[in-house]
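Only a predicted model underlies this, so the values are computations on that prediction, with no experimental measurement involved.
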Amino acid sequence: MEQGITENIYQGYLKYTGRKVLIIFLIFLLSVVLGIYALNAGSTDLSPAEVFSALLGKGDRRLNVIVWNIRLPRIAAAFIAGIGLSVAGCVMQNLLQNPLASPSTLGVSQGAAFGAAVAIIALGAGSLHSTGAAAVIINSPYIVSVTAFIGAILTTVIVLMLARIRGVTPQAMILAGVALGSLFSAATVVLQYFASDVQVASLVFWTFGDIGRASWGEIKIMTLVVGIFFLYLMANRWNYNAIDGGEETAKGLGVNVERIRMLVMFGASLITAVIVSFLGIISFIGLLGPHIMRRVLGGDHRFLIPASAVMGGFLLLASDTIARTIIAPVVLPVGAVTSFMGAPLFIYLLTRGNGGR
Amino acid sequence: MILSVDGIEFSYNGRPVLRDIKFSVNRGEILSILGNNGAGKTTLLRCINRILKPKRGTVFIDGDDLFSLSSREIARRVGYAAQRNEGGRITVFDAVLLGRKPHIGWEASEKDMKIVREILASLNLEDFSLRYLDELSGGELQRVIIARALAQEPGVLLLDEPTSSLDLKNRYEVMKIVKDAAKEREIAVVLVMHDLNLALRFADRFLFLKDGTIYDCGGLEVMTPKNISAVYGISVTVEKLGDIPVVVPL
């Protein structure tokens, strides 16, 4: 009799976890469908047949260039960057035990913007073209990426060092991050004050965030970094669940909370730095992805991490597709779209409370 | 004898919190640590499973020096239920499965799942197994926390005020669970408790902690009005109601 009851519990549990796997798979499938749509949408009208033949490399030169060098990298970059930002937000919220934690909480985005400002204003890496679709171009995108990366990593290192001095508590980290973020914002403003109109315009353009900046080389780097980080997080998924049960509980289960916190903060900041320095600042994905999935699947990181990943990829791909198509041929900055979509959706999620499973 | 604590000393910011703590607990036995707030009770529990690192002293479990083991190995031998527990958005089944963490490599095995099912059944938590923790009542949550600690399959179980936020009925039910688990699984239980009458009912031995040192330690014979008055700073009488000893403040 008792055997039967425990068997029932287990069957129920397997059904419950199976449902989570199914949802993750469905979101992935939806992303693939969206990707196919995005491949067919754009300022140049291409029929699905033309796109298909170009994918196989059988189209004419112009077609191949549009599909392989413009649209496909854009879709891949959006998906990968979305995954990275979303999983980074997911584990930061867990380890800082703060639902509002995301890469910008630790000042990473502000540090990157300051780095870009140094390159564009002090090193003269930006300029203005009066003709062409995009009036502002960055002369030396690599210099901007490198300085933005340095700015972001510098912020992280300082935050982690400060946190180390005061003991690695979530509060110490958040306070240090907020303080440093506003310091870098102030420094950026000062730089802008002494800059020319052109330089300020270039900087503003850079901070908007634009998926189209990524070429295959950058996508490879992002994929590598995000991939390694994702595997590391999955290997630690039980630890994050333990930490959700409270720091004391986690330590009682043999989890080295401080060490994991330092490593994950560094990893999350690193992938954010890579993504932001290539694509510019893209907000809200690190909050939206994990929060949506937490509502749908609950807080079990065995499923929440992969779910946040696919959701983040889906959201950024959707945002970029909207940015490209809503008032085509004008391409809106994707950072603005994520905020426009993100803010109301986020408020909706908050007001809905804890209902639903 | 399974747990033996020998000469534990702990300081916080140079201020001594625990001095010369020595005691041992047998399998199947419940030891209750008693004392005022700030006497060092919680600190003592955390020193036993090395959440805090004592300045001096050793802890032996089954003759092994605990401080030479990794934190994962300690977690396989010592279960711990903290005073404060977050009721997050995970199911009861997953919360108890988390207790298997010290034993799990990459993924939970059939054996882990089986142990979780058995513990859920033995604590009458089957009907809750797919409920989220933040939907449970205080008594239900406390049972889940104890179930998680039992899932660690420990030889020693540390409980920090397991009943402090519970109503009368749940207090006795939770303590009954602990008592049964100690007997059936032959676990040595060390718990911190404020309710002296509850301690009298369920604990086998008592340890009075005062100003960071052991004031007295032993069986029922140490639960005298004199000891209790000295440790708590309030005069009491210990009477028997039928067969049940009770402490009444005067």
Give me the contact list for residues 86-96 of chain A versus chain B, heavy atoms only, anything under 4.5 Å, ordered by residue number. none
Residues of residues 223-237 of chain A contacting chain B, heavy-atom criterion under 4.5 Å, by residue number: A:Met234, A:Ala235, A:Arg237
With a 4.5 angstrom heavy-atom cut-off, which part of [X] approaches chain A: side chain, backbone, both or neither?
X: B:Ile104; answer: side chain
X: B:Val116; answer: neither
X: B:Glu107; answer: both
X: B:Ala95; answer: neither
X: B:Arg50; answer: neither

If you count heavy-atom pairs under 4.5 Å between each of A:Gly12, A:Gly246, A:Gly245 and chain B, which one has the most? A:Gly245
What option among A:Asp244, A:Leu304, A:Asn239, A:Val257 has the most heavy-atom pairs under 4.5 Å with chain B? A:Asn239
Output the option from B:Gln83, B:Arg148, B:Arg84 having the highest count of non-hydrogen pairs under 4.5 Å with chain A. B:Arg148
At their closest point, which heavy atom of A:Leu253 faces which heavy atom of B:Gly99, and how far apart are they? CD2-CA, 4.0 Å
All heavy atoms of A:Gly252 vs all of B:Asn49, minimum pair found to be CA-ND2, 4.0 Å
Would you compute the distance between atom CD1 of B:Ile145 and atom OG1 of A:Thr249 and round it to the nearest 0.5 angstrom? 6.0 Å
Interatomic distance, B:Phe128 atom CZ to A:Ile9 atom CD1 [nearest 0.5 angstrom]: 11.5 Å
[X] versus [Y]: any side-chain heavy-atom pair under 4.5 Å?
X: A:Tyr13; Y: B:Arg117; value: no
X: A:Trp238; Y: B:Arg100; value: no
X: B:Asp94; Y: A:Arg302; value: yes
X: A:Lys251; Y: B:Arg46; value: no

Let me know if A:Asn256 has heavy atoms under 4.5 Å from chain B in its side chain, its backbone, both or neither. neither
Donor + acceptor pair across side chains of A:Asn241, B:Lys101 (<3.5 Å): no
Does the plane of the ring in B:Tyr132 sit parallel, tilted or perpendicular to the ring in A:Tyr16? Use 30° and 60° as the thresholds. perpendicular
Would you say A:Phe28 has more than 12 foreign heavy atoms packed within less than 6.0 Å of its CZ? no
Who in residues 64-77 of chain B is close to chain A, using a strict under-4.5 Å heavy-atom cut-off? B:Ser71, B:Arg72, B:Ala75
Identify each donor-acceptor pair in which a side-chain atom of residues 10-19 of chain B lies under 3.5 Å from a protein atom, sequence neighbours left out, and give them as a table.
| residue | atom | partner | partner atom | Å |
| --- | --- | --- | --- | --- |
| B:Ser11 | OG | B:Lys55 | NZ | 3.4 |
| B:Arg19 | NH2 | B:Asp211 | O | 3.1 |

